[in-house]
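Down below is the structure, laid out as structure tokens.
Ligands are counted one by one from 1 in listed order, and the atoms in each one are counted from 1 as well. Quick note: numbers below take in every heavy atom, side chains included, and nothing from hydrogens, waters or symmetry partners.
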Amino acid sequence: MNDKSLILKRPDLRRYLVPINTAATQQLFTDCLIIGGGVAGLRAAIEAAAGGCEIVLVCKKTLEDSNTWNAQGGIASVLGSDDSFASHIEDTLATGCGLCNHDTVERVVKDGPGLVKELLDWGAEFDKTKDGSISITFEGGHSHARIAHALGDNTGKAIAQALLNKVRKFDNITLVENYYTIDLITNDDGACLGVIGQTHKGTLEIIWAKTTILATGGAGRLYRETTNPEVATADGLAIAVRAGAVLRDMEFMQFHPTTLYIAGASRALITETLRGEGAILRDINHYAFMAEYDKDAELAPRDVVSRAILTQMLKTDATHVFLDIRHLDKNYFARRFPLISELVTSFDIDVSKDLIPVRPSAHYMVGGVRTDGLTKTNIANLLACGEVASTGLHGANRLGSNSLLEGLVFGRIAGRAAVQQCGRTNGAAGLRKFRYDVPQSDRSRLDTADVLNSLRSLMWRNVGITRSAKPLAEAQEIISFWQRYVLDKVFDSPQGWECQNMLTVCLMMAKAAEARTESRGTHFRSDFPQIDDTKFKTHIEFA
Ligand code: SIN
């Protein structure tokens, strides 16, 4: 890979979304502030607490509202006797299409089995085989069975619950739900000193911290069609960029091939492990098309399967394709995939006779806040881990089920880094008096819900699975126009701040997608369908 990234100009943004006056704002002090209650945030909290730090962990809604909690398929790790670290590394690098950081990949893969074992010890109910070993299955891009799952297709919940049980054993961790983080606070040297946020009571609060760990998760809600929960609105990316963080790989949004597509149903994920267990994709004429597109058919990497589905939908003039699992024993299906079984049954789909209508949707933000191997960002005292971070593990595309593992590995590293920082006297000390003024604005005629609906549709149409120059330019023009009358406003509730954050991040994504005039990983340009290693075997950064 070319070490020199391609640099785009970072957006010119108002530094804080709200006026700040420390003298009139309630304040809290801690060693380590963790923003986000998914796998990375929880694992970081455990490590930092074990090292003696005082932790405050805030999350936007409840601890159940995260991509982690909703994860179905599982966690990838070398657990099978015929598998090897070399093979997991090779599969991750191949899926990442030349943009992975080799050291990061090696670190994550090698730490995997130990971290899965640790979860078992902490009570995660991984499904087991008859001989008592952890049951593993396939997903696209994996050359060996290595996806461990728990409670059938409820893996994320099982992992989050085990971590939460562990977290609750520490009396130096305070969990705060329904806390909306508005902005990171930085000093004149650009170092992070904590955050300003809104509590569940609607009051502004500053939390000063020696170390802040950003673990805010994903951005799927930037798209009309997504597997992600409501909280995944890219806030972490926006607050990081306002504070001066370098964001990279923003053009790489991963689309999951199979999301339930029924009018009235939420766009629920239909786990890839179903295809790992033999499910077939059929078009509306019931033709099994995947072999036409890739030698690995249903188990090709996600970008390949998503594009194949889209192409087949166009060919057949249909809004969806089908997933066929009629070969699976009905009772086995209900046991192995209880979430999906309940979901499809509620729509009168009998999987032993009927096909499941599916189509792709936005699933995972591959890019994010640039971090080094120790989770450090370019901002002093600010660490990042989990989906919000760009660690170099995924490159241009994420291998399925590598992200829970990444969250554990880098959550633990971030927790350790926080312990080191705790012992120092710098950090939040020194900026207790601070004022930032923004002129009041008139937002009485602004319907942010309408802006967001239009934005999400625009992203789906113009910055979606297949991109090209004209729609990307049009998206930027429209988003910039919306930004002109939304970003200058001062809101006092999450809906307005989310709208500002989403507009900020969407424009960066469209710009990065325009700049990468090639196709690589999740980023497919119909006007530049080939990979171009001469120019683009490198990251795009906003710096
Ligand atoms: C799935 O279950 O298909 C999603 C797993 C992942 O995104 O890693």
query = If we ignore angles and hydrogens, is there a donor and acceptor under 3.5 Å between the side chains of T391 and E406?
reply = yes
remark   = In ligand 1, the atoms that come under 4.0 Å of a heavy atom of G400 are 8 (O)
inquiry  = Out of all atoms in ligand 1, which are within 4.0 Å of some heavy atom of E272? Include the element for each.
reply    = 1 (C), 2 (O), 3 (O)
task = Would you check whether N402 has a nitrogen or oxygen atom less than 3.5 angstrom from a nitrogen or oxygen atom of ligand 1?
result = no
message = Regarding ligand 1, does G73 bring an N or O atom to under 3.5 Å of one of the ligand's N or O atoms?
response = yes
ask   = So, is Q72 polar-close to ligand 1, with some N/O to N/O distance under 3.5 Å?
value = no
query = Quick one: nearest non-hydrogen protein atom to atom 8 (O) of ligand 1, plus distance?
reply = S401 N, 2.6 Å
request  = Name the orientation class of the two ring planes belonging to H320 and F322 (parallel below 30°, tilted from 30 to 60°, perpendicular beyond 60°).
outcome  = perpendicular
Non-hydrogen side-chain atoms of L57 and L42 separated by less than 4.5 Å = yes
ask   = Relative to the ring of Y364, is the ring of H394 parallel (under 30°), tilted (30 to 60°) or perpendicular (over 60°)?
value = perpendicular
query = Among protein heavy atoms, which lies nearest atom 6 (C) of ligand 1, and at what distance?
reply = R302 NH2, 3.2 Å
request  = Return a yes/no value for H256: is any of its N or O atoms, backbone included, closer than 3.5 angstrom to an N or O of ligand 1?
outcome  = yes
query = If you measure only the distance, is there a donor-acceptor pair under 3.5 Å linking the side chains of H144 and D91?
reply = no
remark   = Between Y223 and R456 the two heavy atoms that sit nearest each other are O-NH2, 2.9 Å
message = Salt bridge check, E118 against R43: does any charged N sit closer than 4.0 Å to a carboxylate O?
response = yes
request  = With heavy atoms of H363 as the reference, note each atom of ligand 1 found under 4.0 Å away.
outcome  = 4 (C), 6 (C), 7 (O)
request  = Distance to 0.1 Å, residue and atom name: give those for the protein heavy atom nearest to atom 1 (C) of ligand 1.
outcome  = T271 OG1, 3.4 Å
